[in-house]
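Everything below concerns the one structure shown next.
Numbering of ligands and ligand atoms starts at 1, following listing order. Keep in mind it's a predicted model, so treat the numbers as computed, not measured.
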Amino acid sequence: MSPASNGRDPEGERSKGRLVVISNRVALPKESRAGGLAAAMQSALSETGGLWFGWSGRIVTPGSRELREQRDGNIEYALLDLTRAEYDAYYLGFANRTLWPLLHFQPNLVDYSREQHAGYLEVNKLFAQRLAPLLRKRDRVWVHDYHLIPLASELRKLGVEAPIGFFLHIPLPPAQLLNTLPGHEELFSTFGDYDLVGLQTKDDVRALHDYLREECGAKVERDGRVRMRDGRTFRSAAFPISIDTERVAKQAASAVRSAASERLRGSLEGRDLAIGIDRLDYSKGLPKRFEAFGRFLGTHPNWRAKVSFLQIAPPSRQEVPEYRELRTRLERMAGAINGRYAEPDWVPIRYVNRSFQHNTLAGFCRMSKLALVTPLRDGMNLVAKEYVAAQAPHDPGVLVLSHFAGAARELDSALCINPYDIDELVAAIERGLTMPLPERRERWQAMFDYLKEHDITAWRKAFLAALAQAMR
Ligand code: F6P
C-alpha cells in the first residue's frame, strides 16, 4: 500500500530521500521464507518505497559473485551473492554460532573462532563496498540485526555521511555475558558510527547502556544519547517492532474459510486446537513446550482426544549442529508423546516441519483456541502479535506467552508464564482451554486495541523520526 493510498503517512515522506534498508535476509516478492524480520521490513518498505540491500540467498564460487538488481513496485532490490567460505564464516559461524546464542543468553552454546570472526568482518566490509556506490544524496540508511553490527563503521570508512540507523531484532544480554565475547569492545563500540541504535525493549536498552558504560567508558545521557570515549555520539531507544494489525485481521477473517483451513477444521472433527508457530530454533523453547503438552495430557486425562496441538516449525540453519540436534530431539519427543497418548482416530501433537504462506497461518491462528508462544528468550516474537490480530472478536482464543519474549512487555493481558516451569505451563494450557468467553474477550480486546495503535507503521515512523532527530 502506498503512503498516498492509505493516508497514514505524513506528507512529504518521499521528499525526505530514499529509505535504504540493509538486512542479511531479504524477502523477495511472493517468497515465503522463515523469519519475522523480512516480513516486517517488506511491510514497512512497501509503504515508503526504497532500496533493499542484502544477501541474495545464493552461494557461488569465488569469481562468479554478482550484485543482482531487480524491482517490484516501489521497492528496488540489490542482492549480493556470497561464496561458501563467506557464508560459512559469517552466517553459519560468527552470526549464528557466536552472536545468536550469546545474545539469546546461552553462552554454553557459543562456538567462537577467530577465523569466523574475521569472516564476519570481511562480509560487513564487502556489503559496505557494494552498497556505498548505490547510495544517493539525502538517502536514509537503516541497518538490521546482528549480522551487520559493524556495517556503519565500514560505510563511514568509505566516506558515507548519510544518516545511519541500526535496529537489533534480537535481545541484548547483560554486560557480564557480552564481555565473554573475544573482541567484544571492538565490535560493540562500532555502534558509535550510527546516528541511532534501536532495540526491542527497555531491558535491552538498559543492557546496552550498562555495557557501554562499564566496558567502553561511554557516558549515557538521560535522553538515551551515548557519548563514546573518543567523542562519537549516537542516540539509543526502544522501538518494539510490530505487525500490520489490520491486514492480519483481514487476512485471517478471509483465510479461515480457505481450503487449507477447511481441511484442518475437518480433520479436527470438533476437537479444540492449540497452535505453536516458530522457526525450528533452540531459543523458542520447543522441547519444554512439548514436555508441557505431554504432561498436560498425563495429568488431565479428561482432555485426551479433546484437543490437538499443531506445532508448525519450519527448519532453519540446518547446517548448524545445534539446530540439527534440536530437530532430532523434537522428532523423538513428538513420537514418544504421540505413541503414549494417541488413539486410532486422534493424534495429540501434529508436528509439521514446513513453512506456509502468511495468510494460511493467519487462518490457522483464527481457528485455534490457544496459542503457545513460549520462547526461552526472544527479541519480540511477532507470532504472539499476529495470533492476537487474527482472532475473531466474538470468540477470541487465548495467548499463552513467555515472560522472556519482548512481546510480553506489551501484551500483558496474555497468560504470561515462565517457560522453564513446566507445571506453570501445564496450568496455563488448562486455564486457556477452559477460560470463559467474557474473560477471553476482555483480554483479547485490550491487546487488540493496543496493537491497532502500535502497528508496523507506527514502529517505522517512530524509528525514522528519531533518526531524523538524531541527525539534527
Ligand atoms: O529475527 C531474527 C532473525 O535472525 C533475522 O535476522 C532472520 O532473518 C530471521 O531471524 C530468520 O533467520 P535466518 O535468516 O537465519 O533464517
Show me which atoms of ligand 1 lie under 4.0 Å from any heavy atom of [X].
X    : value
Y146 : 4 (O)
W100 : 2 (C), 4 (O)
L37  : 5 (C), 6 (O)

Would you mind finding which of H144, M41, R25, R317 brings a heavy atom closest to atom 4 (O) of ligand 1? R317

Hey, is H147 touching ligand 1 through its side chain, its backbone, both or neither, going by heavy atoms under 4.0 Å? side chain

Within 45° of the ring axis of F356 and under 6.0 Å from its six-membered ring centre, is that where the NZ or CZ of R354 lies? yes

Distance to the ring centre below 6.0 angstrom and angle to the axis at most 45 degrees; does that hold for R460 and W142? no

[X] and [Y]: side chain donor to acceptor below 3.5 Å:
X    : Y    : answer
S413 : W444 : no
N24  : Y90  : yes
S283 : Q106 : no
R289 : Q311 : yes

Within-cut-off N or O pair, D145 and ligand 1, under 3.5 Å: yes

Backbone or side-chain N or O of N96 under 3.5 Å from ligand 1 N or O: no

